[in-house]
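Following: one structure in structure tokens, then a few remarks.
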Amino acid sequence: MSSDHLDKGYEPSCIEKKWYTYWLDNGFFKAEDKSDKKAFSIVIPPPNVTGVLHMGHALNNVIQDIMCRYRRLLGYNVLWMPGTDHAGIATQNVVERDLAAKGLTRDQIGREEFIKHVWKWREKSGGAIINQLKRLGASCDWDRERFTMDEGLSDAVRKVFVRLYKEGLIYQGQYIINWCPRCKTALADLEVEYEEEDGYLYYIRYPFVNRKQGLTVATTRPETMFGDMAVAVNPTDKRFKDLEEKQIRLPLTDRVIPIIKDDYVDIQFGTGALKVTPAHDPNDFFLGEKHGLEKLKVIGDDGQMLDGAGRFSGMDRFECRKKAVEALIEQGLLVKKEPIKHSVGNCYRCRTVVEPSISKQWFVKVAPLAKKASDAVRNGRTNIIPDNWSKTYFEWMDNIRDWCISRQIWWGHRIPVWKCPDCGQEIVEEIDPSHCTVCGSSKLVQETDVLDTWFSSALWPFSTMGWPENTDLLKTFYPTNVLVTGFDILFFWVARMMMMGTYFMDEVPFNDVYIHALVRDEHGKKMSKSKGNVIDPLKVIDEYGADAFRFTLAAFAAQGRDVKMSESRVEGYRHFVNKLWNASRFALMHISVKDTRIDLKKISLVEKWILSRCAQTSLEVKQGIENYKFNEAASAIYQFVWHEFCDWYLETAKPALYEKEGVQRRDIARSVLSKVLEDILIMLHPFMPFVTEEIYSILPATNGSVMAAAYPYNEKDYKINRNEAVEKDMDFIFGLISGIRNIRSEMNIQPSMKIKVLAHTADGKEKILIAENKSIIANLAALESFYFCEADLIPPSSASAIIGNTTCFVLLEGVIEFDKEIIKLEKELEKNTKELLTIQKRLYNENFLEKAPEEVIQKVKDQHIDLEGKNNKLKDNLERIQKMK
RNA sequence: GGGCGAUUAACUCAGCUGGUAGAGUGCAACCCUUACAAGGUUGAAGUCGCAGGUUCAAGCCCUGCAUCGCCCA
């Protein structure tokens, strides 16, 4: 499987394929139904079977994959349950389009034949999105893949429906619902998307029966006037105080309708007179109920006007709007029309303007379910993260309306209700009934509607695990640890899973709900086909590799903020992948045997330092992942790998690795390098699974897959390796090197030119540190020589840098540019003085000394001493240089 | 109309229970130094949207305002 070297540049495509196949073949993604190990489980938000992977999926699944891979490294028995959703309306639309291409409609071929077509379609192309998830590296337990229309899941749906029905929580009724005239089905409130559009507000005069005058009503939908059953005014409205008429004439018809009074009418809006259309407006529906008005449906299910529209019947609703307005103008009844921005409801599947319409539908009485679901979050059994979404969740749950669950389409779970045509009995059973339970008739007719897709998705966390059977899987993995989702389906899906889970399992479906951001384009705009700003994740993977893409998503997944995605960012992280690759190439030039045993007593300060930093990084990555702060985890490891491991540690390790300090030192250096690189690969694996596996497989010190490795630094190892004192010491050394480098750069000293440096310090500890790390300093700052000097022997022609209590003098032997050094020192002194003054201001403030906590005061005092010391040294140096000039 | 969020370097964003403002990209200078130019070293760059308030101390807490975005009606 592995070779013993790495190519010069990292080439993702074939490596990704190779390792994904390897993981699958070796069962690394498999969960055990029963196990002694601790369990960790996530159910995937099932993508639509018609779906194509978009950025939202990518972010969603990368986050889940990071968590799953991380838990495996910790030794958990991990279940990541995959699957797809049958997506009733969406899928039906796709297949209908296919048929239309062949000149067929679903009505022509009939229900049974149509459903066969859908299944065939699914077999052919339904798995596309699954393969796309695999390209991302998703480590789902694919053998368990579920589909909401599977037999088992359908059984669960049936069971839930029957129980809710028998408990009186499902009912059928005539209500106003949202109707899509194109899909020819009812939609739930949630399935309507509102959009601001330009329209007109038409003011129409309805004449009184016996007078020419009348009331003017305002509407944006004049075509609905044919369904008007009354005109309503507010009883407190002064304009209508003297109104005697009780009736009014409905223009363009021969109907006379009542004038009713109700304080529901908004005095501010329009003319104060409201046309009441109970069959085509939700508010009017309730007003109609209250006043006992008839509900006349005038717009048909296909969007064409019905008989009630008189000579306009048979006309399309929008055509009718135009024609009716023309007719009103002719009759002098259109008072005015003014442009208005108003929100128009569109079908979330096909964007057709939704018609509120009266219809007989099935509903779930959600209040009792919502109570349990809402309480579960209130009392902390389920945590919503970030927490501010809890409020939105409560808001919705507490004001929830009954859920319309019937859809007039064919693709979906058919509602298990039968009617007896002989005696009218309604039969609802889990097993298809063959005859009427009352009269014995065998002519039972099943309800033709199917259930809302979200009805089956609401059961997903337990139906996928085998419910209603009490399976081992359920026992091991339910409730799931976390659900990862975007907030756009918080109500559609999460809320409903909470309702069904708490009701049927008596247990929440997940302990945590992590709500991640929406992925937008680089300007923060929603990605959409019409805007042409969609970035295809698969293309990004092709170009930059899955690892770079995944890392980008993780790095930008800060809580509570949208992810703004642009290819240039992915490119940046591809550089990171490459950096890791090259660092590993370098390491492989040196390490050749399995030896990662490290004797902490024998290793150098810088080696202790890198181990300490590595331990600390592992903790930060751990905390980041466990607290859903993936950006913090990503940035911790990025920072460590690039700027500590590569920039500092590898550079310091080179002399030892090249055997310039003897064989023993070389072997120690090898073992530390080997160990740290191995740790890095494991820590990084959840984020960048492919490249880490490739490198890990080649490292001589490792065996088998990185997926089988243990996450580095348990509590004990952390305590052994983390050493803040060592980190502080190294910060001093690194600061010293940077100080000298700074002088080199400011004084335009060529990198190839070696320089002489003298150090003066009264600090014993710093003196020892410098002495012990002299060769590192000399190497990294490119020094010819480095000695200590006494205060009275400070070289005249030199530039200085102050680090801690030590001053370094870079000898410039006549070539010093005094002006440059003076400017540099003055600038530094200015900055230092500023800082010193702010510190002093606090220290001389009695209130501060009185009220601030002791530790803060002590810290400020320490800072004061440091700053004052540095200030004096800067002044001395400046004075000295100025004298020289 | 109700609710939520944002406003910090040129750009994209971090910033914990209040304690001297950080990163990446970009920019500038120098460098092909034997893992990496997809690189290295060094540097410049911020009135933390505005106005008040609380506090010894405010990017962070409170109030108001402005601008932008999202969700629900």
Side-chain angles (χ1 to χ4, degrees), chain A residues 6 8-10 189-190 193-194 266 268-269 282-283 343 345 386 388-389 391-392 394-396 399 487-488 490-491 517-518 520 522-526 544 548 552 555-556 558-566 568-569 571-590 623 627 629 631-632 634-636 638-639 642-643 646-647 650-651 654 657-658 737-752 779-782 824 827 834-839 841-853 855-857 859-860 863-864 867:
Chain A
L6 300 177
K8 181 144 191 212
Y10 176 60
D189 293 340
L190 271 178
E193 289 181 353
Y194 291 88
D266 182 358
Q268 307 296 321
F269 187 79
N283 295 317
S343 64
N388 43 332
W389 287 107
K391 204 177 164 183
T392 315
F394 294 137
E395 203 66 34
W396 193 74
N399 298 300
F487 57 79
D488 47 336
L490 181 63
F491 304 136
L518 237 52
R520 299 172 176 280
E522 56 188 314
H523 307 293
K525 294 266 183 293
K526 217 171 180 168
Y544 301 98
T552 311
F556 280 90
Q559 283 185 12
R561 216 190 257 255
D562 291 338
V563 175
K564 291 182 195 164
M565 177 52 71
S566 79
S568 68
R569 313 236 160 86
E571 202 180 342
Y573 286 110
R574 182 181 57 174
H575 295 174
F576 179 54
V577 175
N578 199 55
K579 186 79 180 173
L580 175 73
W581 182 260
N582 280 302
S584 305
R585 271 200 327 136
F586 170 74
L588 280 165
M589 288 163 49
H590 298 282
Q623 287 171 342
N627 297 321
K629 299 192 171 172
N631 58 321
E632 289 178 16
S635 113
Y638 180 96
Q639 179 67 24
W642 200 310
H643 300 300
C646 291
D647 287 353
L650 287 185
E651 293 308 318
K654 277 176 183 173
L657 290 170
Y658 284 116
I737 293 166
S738 296
I740 298 171
R741 281 173 172 174
N742 173 287
I743 291 172
R744 297 187 62 115
S745 177
E746 299 273 303
M747 297 295 153
N748 294 326
I749 300 168
Q750 291 295 303
S752 52
N779 260 316
L780 297 195
K824 186 183 142 229
K827 224 162 115 191
K834 227 191 225 163
E835 277 177 33
L836 187 63
L837 283 174
T838 59
I839 287 280
K841 221 163 91 188
R842 291 167 75 187
L843 223 42
Y844 298 153
N845 183 341
E846 278 176 36
N847 282 325
F848 172 70
L849 295 173
E850 238 169 73
K851 293 181 182 172
E855 58 195 60
V856 174
I857 295 174
K859 208 174 132 194
V860 172
Q863 280 171 346
H864 185 250
L867 285 169

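All values reported here derive from a predicted model rather than from experimental measurement.
Taking the P atoms as reference points, B/U47 lies 15 Å from B/G22, given to the whole Å. B/U63 and B/U54: their P atoms are spaced 15 Å apart (whole Å). Straight-line distance between the P atoms of B/G40 and B/A35: roughly 14 Å, to the nearest whole Å. Across the C1' atoms, B/G15 and B/C70 are found 24 Å apart, a figure rounded to whole Å. For the C1' atoms, the distance linking B/G18 with B/C4 amounts to 25 Å, nearest Å. B/C48 and B/C61 have their C1' atoms separated by 16 Å, with the value rounded to a whole Å. Distance noted for atom P between B/A9 and B/U41: 26 Å (whole Å). B/U34 and B/U25 have their C1' atoms separated by 30 Å, with the value rounded to a whole Å.
Here A/Lys859 pairs with nothing under the salt bridge (charged side-chain N to carboxylate O under 4.0 Å, His left out) rule; sequence neighbours left out. Not counting sequence neighbours, A/Tyr638 has no partner by the side-chain hydrogen bond (donor to acceptor under 3.5 Å, both in side chains) test. Qualifying side-chain contact (heavy atoms from CB on, under 4.5 Å) partners for A/Ala782, counting only residues two or more places apart in sequence or in other chains: A/Arg744. Judged as a ring pair (Phe, Tyr, Trp, His ring centres under 6.0 Å), and not counting sequence neighbours, the contacts of A/Tyr10 are A/Trp581. Residues that satisfy the side-chain hydrogen bond (donor to acceptor under 3.5 Å, both in side chains) test with A/Glu651, not counting sequence neighbours, are A/Lys654. Applying the side-chain contact (heavy atoms from CB on, under 4.5 Å) test to A/His864 and every residue at least two apart in sequence or in another chain returns A/Leu836, A/Ile839, A/Gln840, A/Leu843, A/Glu868. Here A/Tyr658 pairs with A/His590 under the ring pair (Phe, Tyr, Trp, His ring centres under 6.0 Å) rule; sequence neighbours left out. Residues satisfying the side-chain contact (heavy atoms from CB on, under 4.5 Å) criterion with A/Asn779, sequence neighbours excluded, are A/Pro655. Remark: A/Asn578 engages no residue in a side-chain hydrogen bond (donor to acceptor under 3.5 Å, both in side chains) (not counting sequence neighbours).
Look at OH on A/Tyr573: it is 6 Å from C1' on B/G24, rounded to the nearest Å. Distance, A/Glu850 CD to B/A57 C1': 14 Å, rounded to whole Å. The separation between A/Asn847 atom CG and B/U54 atom C1' is 15 Å, rounded to whole Å.
Proximity of a side-chain donor or acceptor of A/Asn627 to a complementary backbone N or O of A/Lys629 within less than 3.5 Å is not detected.
The structure places OH of A/Tyr544 at 10.0 Å from OG1 of A/Thr552, a figure rounded to the nearest 0.5 Å.
Every stem involving RNA chain B, taken as at least 3 paired positions in a row under the Watson-Crick or G-U wobble test at 3.5 Å, is listed here: B:1-7 with B:66-72, B:10-13 with B:22-25, B:27-31 with B:39-43, B:49-53 with B:61-65.
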(request) Produce a footprint string for nucleotides 33-48 of chain B: one letter per nucleotide, 5' end first; B if the base is under 4.0 Å from any protein heavy atom, S if only the sugar-phosphate is, - if neither. (result) --BB-BSSSSS-----
(message) Each nucleotide in nucleotides 15-20 of chain B should get exactly one letter: B, S or -. Can you fill that in based on protein heavy atoms under 4.0 Å?
(response) ----BB
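Residue order along RNA chain B, read from the 5' end via each residue's closest nucleotide, puts A/Gln639 first among A/Leu849 and A/Gln639.
A donor-acceptor contact closer than 3.5 angstrom is absent between the side chains of A/Asn845 and A/Arg842.
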